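Single-structure report; data block below.
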Amino acid sequence: MTRSTPAHFILTLALAFATMGSDSFVKAKLAASPRRLESMFGSAKTNSKAGKRTSRAVRAITMWWVIINEPERCENPPTAIGEDFMCTLPDIMATAAEGVNPAEISIVHASGGVTDENGFVRLVSTIYKTAAEIDTEGTVEGPYVWGGPPMIGVPTTIGFTDDSPEVHLVIRDHGPPEEDPADLISQLTRFTDPFCEALGGTNVCIDVGSTAFAGSVEDNTSKKDVGPFPGSADLGVESGSDATLIRVGDALQAVANIYIPSV
């Protein structure tokens, strides 16, 4: 199988995990692609924010599990989001840079969807505990299910193995949805799809939202706000976005209600 190239690695990190440069420049690039779906899924009738945005809020969106199986091994507690959490973005960056993964972090595809004309999409996913590493590599040109720095997901990822992992969810914007069904599938299933600038496309693919849930050994349901991803500024998800995490037995389920701004 073909591994990701160093250039793809660097661009993926630069676009997804670094703070962005000129906000107005990125907003212009996000809205630049002429490829759009006019009415593939229609509007969500229950969306209370109807009428607020234009059709430029129609976006291809993915959601990613960030499973941290050994959060006590993280070294950068995110005090900004609460004392119950043990891991933050620098831990993922350190894992990528140092080539070791003491916290057993796994980033895998959770869900994908297209926002309606009001910028709303509901994303649902379930992940099950595994006893061994998962083959996630695929190829750069074809399907794959890992996300974030390639070191974490190529050629295998740890998956969900611990009884009480810390769980983060990341929302990623892939730009206007492609009209061709096969192209749209690639947007909804890959971290960096062929239409992203990192692979020669015209879309600026960026992380726009995130939330986190502390580890727990008990079955429970917890709801949290989804806020803008660090560095996404006013390109991030809008107020009212939320996610519910359901822990039941050897499974984790997530339901996210996401509002994307028009750009």
Side-chain angles (χ1 to χ4, degrees), residues 15-16 19-20 22-66 109-125 147 168-181 183-193 195-197 201-212 223-245 254-263:
L15 289 172
T19 56
M20 294 182 293
S22 169
D23 187 51
S24 59
F25 171 77
V26 175
K27 290 180 74 172
K29 292 293 288 183
L30 281 169
S33 174
R35 305 180 182 95
R36 304 190 183 279
L37 282 184
E38 295 298 327
S39 58
M40 184 170 183
F41 292 99
S43 300
K45 295 181 179 179
T46 58
N47 182 4
S48 62
K49 297 192 175 185
K52 180 178 179 181
R53 305 176 184 83
T54 71
S55 62
R56 291 193 298 174
V58 178
R59 322 288 293 172
I61 302 295
T62 54
M63 180 169 69
W64 297 83
W65 292 104
V66 183
H109 184 267
S111 185
V114 175
T115 59
D116 64 19
E117 292 183 351
N118 302 301
F120 175 78
V121 64
R122 178 172 291 119
L123 302 170
V124 181
S125 180
H168 296 234
L169 297 172
V170 173
I171 306 300
R172 188 164 172 82
D173 186 336
H174 294 254
E178 294 296 316
E179 295 179 352
D180 184 276
D183 292 339
L184 178 59
I185 286 174
S186 72
Q187 286 185 292
L188 300 182
T189 58
R190 305 185 204 180
F191 189 79
T192 304
D193 63 74
F195 305 97
C196 298
E197 283 190 335
T202 59
N203 293 338
V204 177
C205 300
I206 58 171
D207 298 334
V208 293
S210 63
T211 191
K223 183 177 181 180
K224 296 288 184 68
D225 291 337
V226 175
F229 192 84
S232 62
D234 65 342
L235 302 173
V237 298
E238 293 196 334
S239 175
S241 298
D242 62 57
T244 298
L245 182 72
V255 180
N257 299 305
I258 302 301
Y259 295 94
I260 299 295
S262 177
V263 295

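Computed from a prediction, not measured in an experiment: that's the story for all the values here.
Using a distance-only test at 3.5 Å, with no hydrogens or angles considered, a donor-acceptor pair links the side chain of T189 to the main chain of I185. Panel note: side chain S210, backbone F229; no donor-acceptor pair is recorded below 3.5 Å. With hydrogens and angles disregarded, no donor-acceptor distance shorter than 3.5 Å links the side chain of K223 to the backbone of L245. No side-chain donor-acceptor contact under 3.5 Å links N203 to the backbone of C205. Proximity of a side-chain donor or acceptor of T211 to a complementary backbone N or O of L169 within less than 3.5 Å is not detected. Under the 3.5 Å distance criterion, the side-chain polar atoms of R172 are matched with a main-chain donor or acceptor of F191.
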Run the side-chain contact (heavy atoms from CB on, under 4.5 Å) check on I206 and L235 step by step: do they pass?
CA-CA 9 Å; I206 58 171; L235 302 173; 4.1 Å; yes

After noting the C-alpha distance and the side-chain angles of T62 and H174, does the key distance pass the side chain to side chain donor-acceptor pair (under 3.5 Å) rule?
CA-CA 8 Å; T62 54; H174 294 254; 2.8 Å; yes

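For the atom pair S186 OG and F195 CZ, the distance stands at 5.0 Å (nearest 0.5 Å). Atoms CG and CZ, from N257 and R122 in turn, are 4.5 Å apart once rounded to the nearest 0.5 Å.
The shortest side-chain heavy-atom distance between I61 and I171 falls under the 4.5 Å cut-off. By the 4.5 Å heavy-atom criterion applied to side chains, P181 and L184 are not counted as neighbours.
Looking at every heavy atom in both residues, V58 comes nearest to D116 through CG2-O, 3.7 Å. Heavy atoms only, all atoms of each residue included: V226 and V237 are closest at O-CG2, 3.4 Å. In this structure, P261 and G236 approach most closely via the heavy-atom pair CD-O, 3.3 Å. Minimum interatomic distance between H109 and W65 (heavy atoms only, all atoms of both residues): O-CD1, 3.8 Å. Listed here is the closest heavy atom pair of Q187 and P176: NE2-O, 3.1 Å. Counting all heavy atoms, side chain and backbone alike, I260 lies closest to A57 at O-CB, 4.1 Å.
In this view, S111 and M63, L123, S125 satisfy the side chain to side chain contact (heavy atoms under 4.5 Å, CB included) rule, not counting sequence neighbours.
Tested against D173, the residues V208, D207, V204 include a single side-chain contact (heavy atoms from CB on, under 4.5 Å) partner, V208.
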